There are 2 protein chains.
Amino acid sequence: MTMSNGGAGGRRKPPTIHDVAREAGVSRGTVSRVLNGGHYVSPAAQEAVNAAIRKTGYVVNRHARSLITGRSDSIGFLLTEPQEKLFEDPNFNVLLRCCTQALAAHDIPLLLMLAGTEDERRRITRYITAGHVDGVLLVSSHSADPVAEELREAGVPLVQCGKPMGLGSKVSYVAADDRDGARDMVRHLLSLGRRRIGVVTGPLDSPGGVDRLAGYKEVLTEAGVEIDERLIVSGDYSRASGEAGAERLLSQAPDMDAVFVASDLMAQGALTALRRAGRRVPEDVSVGGFDDSSAATESTPALTTIRQPYDRISNEMVRVLLAQIGGEDPAAVILPTELVRREST
Amino acid sequence: MTMSNGGAGGRRKPPTIHDVAREAGVSRGTVSRVLNGGHYVSPAAQEAVNAAIRKTGYVVNRHARSLITGRSDSIGFLLTEPQEKLFEDPNFNVLLRCCTQALAAHDIPLLLMLAGTEDERRRITRYITAGHVDGVLLVSSHSADPVAEELREAGVPLVQCGKPMGLGSKVSYVAADDRDGARDMVRHLLSLGRRRIGVVTGPLDSPGGVDRLAGYKEVLTEAGVEIDERLIVSGDYSRASGEAGAERLLSQAPDMDAVFVASDLMAQGALTALRRAGRRVPEDVSVGGFDDSSAATESTPALTTIRQPYDRISNEMVRVLLAQIGGEDPAAVILPTELVRREST
DNA sequence: ATGCTGTCTGTGAGCGTTCACAGTAGAGAA
DNA sequence: TTCTCTACTGTGAACGCTCACAGACAGCAT
């Protein structure tokens, strides 16, 4: 009994608010009011309009709406990483999925934007500042991203994933508690009786990398374990850098009995290096990761790691962004992490 | 009330076509003509308009344009897989990245749509048929997807990734040559002297799964090797099903000396099962994968596999979709694969 | 002169919505 | 009665663009 939306082939012209109004016996204005919250509309009209919408199969024309409201009712998901990252890092994928779903709950479409090259970056910045999206979810492990600054100056609502460098107060961000997560992991390694604990850090020009290292040092100091610079090397979150990092640690400090690797992907690389060096995990060396990405369960042995709550992070990012679009001030949200014990420790 | 334009920064009202026209000393119509290809515009006007555009920083308002053209100049990337797939399968990520870039080259934004649940599916179908995107790139390993059929009936331009089941002539698709790829791999295994070659197939309700199995059988028959049903088990492209499949093969045919696994992800699982069973790869059992996804290089040993040219696939999908939006008939494109030799054979 | 091309340009209309405003009806107060 | 207040409804603008159309002007033939 519902509308049979035309036969095969050819797209029929969709019904407008006018058709709905005629069908319901009311004016355009009333239909519009029903569509936008239904305040100051009589129950009878409300009912008639809803029935007419169902009958005609009406769906609002977002372009017409946007033209007058100035909003686009869509938001951009911007990745400023070089593109290989997207391939390699499972975290991005989870984040993307969760953000898409969080936005879908608000009926807001997500536009995927990849700014790998300088050209793309310009094109996208231009697109965004032209007002084609209402706000931007920004993912970039390079902190102090020039794009962030540029968008902020243009007055574009923006939420960053992960703590940004420098003038943090003016830009919104959502991040996991890196320092606390690192503390948990190192405490866990200590509790296993390990004392020669190495670390492969993240990039030290990013707050995330710095904080995880800080947590590591803090706990060791508290426990009265001497901090040995030969046990500290830095990576860039990539698998390859984890492998190289572990190799370096093994040569600098052959007596290492545990290693905290600041991302699961790097930890996978570290496992490879350790295996090649003939160290058994976890018997000879305990390995702790960070993220709880799919890499953690895929590797053998499965990684003990620090879980970043990506679902909550995504939801918060969307919540903060929408609030900011609604006129609220930028906000920072830090979410707790959780130790997940598996086979590698 | 909330007219105060978002707290701090403040977004300036962007210039319109009118401003450009005034600046250039021409009419709106002329500016519009320059914007849309520049036919029937004098070189002098052309120049003046372009200068005015640069000077004012004008960017076209897509909503206003869409309102009148009826096009949205955006396309949807629709994933109808259950969501875990997105996590696990690196192919999706590559495809998504490549499609985004291919569209960016045409200055067309990509809307990411995830239809995991029935509710989401309905919401998205409604959104699409309302004309909010001009066309859809569909990824679904379940062939005969009801969404595809629904969109096709609504007259929405659609290109599927991978060969669809059944009424294939009316829907566009782009796929790698599954059968030929499988043939190459099995020939390769035969050339290594293997004769007891097992296979873990993809889902056999999908053409991709069927074709890869067909290629396997074809080459064995040609080579005069008897086809043994105990050497054939089926999976669903997931890592877990690869592991289970390899286990089943080992118990049904312990003399197996090679296995063709219809996806790299499953091959990873198979490697795990083989290692657990004490078989050395490639010494005891050669393992061949399919896809050349990141899983192939990440596993140890690195997988010999059949490369699917995802960059070309993406480009073709976009090309065919845009052609279809432009009024051309649906088209099917099959692209050649390539054998990539690594450590597992 | 007149007509006919072809190239180029300006103008009004209108796409489908929302928004501001004006208007109506009924209830209650003076 | 009359006035005010509240709840609701209808109407004419816009929003920024493209499209169809008409007009202008040059070149070249009649």
Side-chain angles (χ1 to χ4, degrees), chain A residues 11-50 52-53 56-74 107 127 129-132 134, chain B residues 1-5 11-50 52-53 56-74 107 127 130-132 134:
Chain A
R11 260 165 128 164
R12 181 147 321 176
K13 203 174 176 188
T16 74
I17 205 174
H18 220 107
D19 301 323
V20 175
R22 188 154 28 78
E23 180 71 34
V26 298
S27 72
R28 290 170 4 246
T30 301
V31 176
S32 178
R33 275 184 285 266
V34 171
L35 253 35
N36 297 294
H39 296 301
Y40 285 90
V41 181
S42 68
Q46 183 95 244
E47 183 64 25
V49 168
N50 283 327
I53 287 175
T56 56
Y58 171 78
V59 178
V60 67
N61 181 326
R62 299 171 95 110
H63 301 304
R65 172 183 285 173
S66 293
L67 182 55
I68 188 159
T69 60
R71 285 175 283 118
S72 70
D73 292 320
S74 65
D107 206 28
Y127 185 89
T129 51
H132 292 316
D134 294 340
Chain B
M1 315 297 187
T2 42
M3 206 44 208
S4 64
N5 194 2
R11 250 163 137 167
R12 185 156 316 175
K13 200 174 177 188
T16 74
I17 204 173
H18 220 103
D19 301 322
V20 175
R22 188 155 27 78
E23 180 71 32
V26 298
S27 71
R28 293 173 358 250
T30 300
V31 177
S32 178
R33 274 183 286 265
V34 171
L35 253 35
N36 297 292
H39 297 302
Y40 285 93
V41 182
S42 68
Q46 184 95 245
E47 183 63 27
V49 168
N50 282 326
I53 287 175
T56 55
Y58 171 78
V59 179
V60 68
N61 182 326
R62 297 171 96 108
H63 301 303
R65 173 183 283 173
S66 293
L67 183 55
I68 187 160
T69 61
R71 285 175 284 119
S72 69
D73 292 320
S74 64
D107 207 28
Y127 184 89
H132 291 315
D134 294 339

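Worth saying up front: this structure is predicted, and the values here are computed from it rather than measured. Below, chains carry the letters A, B, ... as their sequence lines are ordered, and counting in each starts from 1.
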Residue whose nearest DNA chain D nucleotide is more 5′ - A:Ala64 or A:Tyr40
A:Tyr40

Whole angstrom is fine here: how far is it from CZ in B:Arg65 over to C1' in C:dG14?
17 Å

Which whole-number value in Å describes the distance from B:Leu67 CG to D:dT18 P?
11 Å

side-chain contact (heavy atoms from CB on, under 4.5 Å) with A:Val49: which of A:Val31, A:Ile17, A:Val41?
A:Val31

Please confirm whether the shortest side-chain N or O distance from A:Asn61 to OP1 or OP2 of C:dC15 is below 4.0 Å.
no

Close N/O contacts between protein and nucleotides 25-27 of chain C (under 3.5 Å):
none

Side-chain contact check for B:Val60: nearest option of C:dT18, D:dT18, C:dT9 is D:dT18

Return no unless some side-chain N or O of B:Ser42 is found under 4.0 Å from OP1 or OP2 of C:dT9.
yes

Axis-to-axis angle for the helix from C:dA1-D:dT30 to C:dA30-D:dT1, ends of five pairs each, to 10°, equals 70°

Just the atom pairs and distances: protein N or O near nucleotides 10-12 of chain C's N or O, under 3.5 Å.
unit_1, atom_1, unit_2, atom_2, d
C:dG10, OP2, B:Ser27, N, 2.8
C:dG10, OP2, B:Ser27, OG, 2.9
C:dG10, OP2, B:Thr30, OG1, 2.8
C:dG10, N7, B:Arg33, NH2, 3.1
C:dG10, O6, B:Arg33, NH1, 3.3
C:dG12, O6, B:Arg28, NH2, 2.5

Starting from the 5' end of DNA chain D, give me the residue, B:Thr69 or A:Pro43, whose nearest nucleotide shows up first.
A:Pro43

Nearest to the side chain of A:Ile17, which nucleotide is it out of D:dT18, D:dT9, C:dT17?
C:dT17

